[in-house]
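The structure appears right after this line, and notes come after that.
Hydrogens, waters and symmetry mates play no part in the numbers below; they use all other heavy atoms, side chains included.
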Amino acid sequence: MADAPPPPHPRGVTLTGRLAWLRPLDAVADAPALFAAFADSPWVFDYMGEQAPTDAAALTTALAVWVARGDCATFAVGRVGSEAALGYACLMGVVPAMREIEIGNANLSPALQRSPLATEAFSLLLGWSFDAGYRRVVWKCNALNAPSRRAAQRLGFGYEGLFRQHMIVKGRNRDTAWFAMTDGDWPAIRTAHARWLDPANFDADGRQRQALGDLTAPHVVGWDPSRPA
């Protein structure tokens, strides 16, 4: 291994793409917009560590815990041209000495889910992590969370295994599905992301011409056994 200084911590980072922006989350200022975005969809908290908040104050309290964590940078996610946060995500499990980092605690409102904006947001987090010098980016989720497992592989993360009885969350067992991407995987996957996000990949009605999963599939190292045939 080359002797190189450890990469920087992501705290304070701001990222902007064509569709999405990410900036440090402000628990107090961002909670009202986030609560409004989530209010009609409490199910988005099903696989989160906290219960669905009953009001903006409860969401503020939950978010403040993440903002205060030293091993984590929590980002508000929104649409370019608007200041309102529509979701949040973290770069967490930050281990600069080992050059490892994790994308986690991601909670996107229905307005963002399954959208090019959401894909670009995750691509921006990956790009910053590898450009900063991290060698490995991890994605973990509850093994029952099929949408998160599909999203990981669609983005190009390789399946690395199942951690049985890994955690107890909300009084229930959690087996954890584990995915990762390395700096060796990223160049080809970055190109796939760019091809998919290109406006030319979408017709006049916004329908994709080529699926991101088809573009990343040749570069995915390790397939999730739960993936449909």
Side-chain angles (χ1 to χ4, degrees), residues 19-22 25-67 69 72 74-79 82-93 102-125 138-155 157 159 162-179 206-208 211-213 224-228:
L19 305 170
W21 54 254
L22 300 97
L25 185 141
D26 183 320
V28 174
D30 289 324
L34 287 169
F35 181 74
F38 295 141
D40 294 331
S41 307
W43 51 266
V44 300
F45 286 88
D46 285 354
Y47 293 108
M48 305 299 289
E50 59 275 355
Q51 300 290 346
T54 55
D55 52 33
L59 182 57
T60 299
T61 299
L63 293 175
V65 173
W66 284 96
V67 171
R69 284 180 52 160
C72 180
T74 305
F75 296 88
V77 182
R79 190 181 309 280
S82 171
E83 295 184 3
L86 296 172
Y88 56 92
C90 296
L91 285 175
M92 55 192 289
E102 175 185 346
I103 296 176
N105 196 48
N107 199 0
L108 305 182
S109 67
L112 292 188
Q113 292 182 13
R114 300 176 64 86
S115 71
L117 190 158
T119 298
E120 186 182 57
F122 288 124
S123 189
L124 288 168
L125 290 172
V138 173
W139 178 294
K140 304 198 297 281
C141 63
N142 189 311
L144 298 176
N145 190 348
S148 184
R149 294 176 74 150
R150 288 194 298 268
Q153 297 251 267
R154 173 180 175 272
L155 288 166
F157 285 85
Y159 179 71
L162 184 72
F163 282 37
R164 297 178 299 156
Q165 299 184 188
H166 180 218
M167 302 172 72
I168 299 172
V169 180
K170 298 176 181 175
R172 297 191 296 269
N173 174 66
R174 169 176 149 163
D175 296 342
T176 297
W178 202 291
F179 302 82
R207 292 187 294 261
Q208 65 181 358
L212 179 59
D224 185 347
S226 74
R227 177 175 177 263

Looking at every heavy atom in both [X] and [Y], which two are closest together, and how far apart are they?
| X | Y | result |
| --- | --- | --- |
| Q153 | D224 | OE1-N, 2.7 Å |
| L112 | A118 | O-CB, 3.3 Å |
| A76 | L25 | N-CB, 3.7 Å |
| E50 | A62 | CG-CB, 4.2 Å |
| W43 | P110 | CZ2-CG, 3.9 Å |

Set of residues satisfying ring pair (Phe, Tyr, Trp, His ring centres under 6.0 Å) with respect to W66, sequence neighbours excluded: none

Worked verdict on F122 versus F157 for side-chain contact (heavy atoms from CB on, under 4.5 Å): CA-CA 12 Å; F122 288 124; F157 285 85; over 6 Å; no

Q208 atom CD, neighbour heavy-atom count above 12 within 6.0 Å: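 Enclosed.
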
R114, CZ atom: more than 12 neighbouring heavy atoms under 6.0 Å: no

Could you tell me whether the side chain of [Y] reaches within less than 4.5 Å of the side chain of [X], counting heavy atoms only?
| X | Y | answer |
| --- | --- | --- |
| P53 | F35 | yes |
| D30 | Y88 | no |
| V44 | Q113 | yes |
| V77 | L86 | no |
| S226 | Y159 | no |

Whether F163 and W178 hold their rings parallel, tilted or perpendicular, with breakpoints at 30° and 60°: parallel

Separation between [atom1] of [X] and [atom2] of [Y], rounded to the nearest 0.5 Å:
| X | Y | atom1 | atom2 | value |
| --- | --- | --- | --- | --- |
| N107 | F38 | CG | CZ | 4.0 Å |
| N105 | F75 | CG | CZ | 12.5 Å |
| C72 | L91 | SG | CG | 8.0 Å |
| I103 | K140 | CD1 | NZ | 12.0 Å |

Side chains of N173 and D175, donor plus acceptor under 3.5 Å: yes

Any side-chain donor near an acceptor of the partner, T74 and R69, under 3.5 Å: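 On atom types as modelled, these side chains do not qualify, holding no pair under 3.5 Å.
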
Under 3.5 Å donor-acceptor, R149 side chain and A143 backbone: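 Confirmed, R149 side chain pairs with A143 backbone.
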
Steps toward side-chain contact (heavy atoms from CB on, under 4.5 Å) verdict (W139, L155): CA-CA 10 Å; W139 178 294; L155 288 166; 3.7 Å; yes

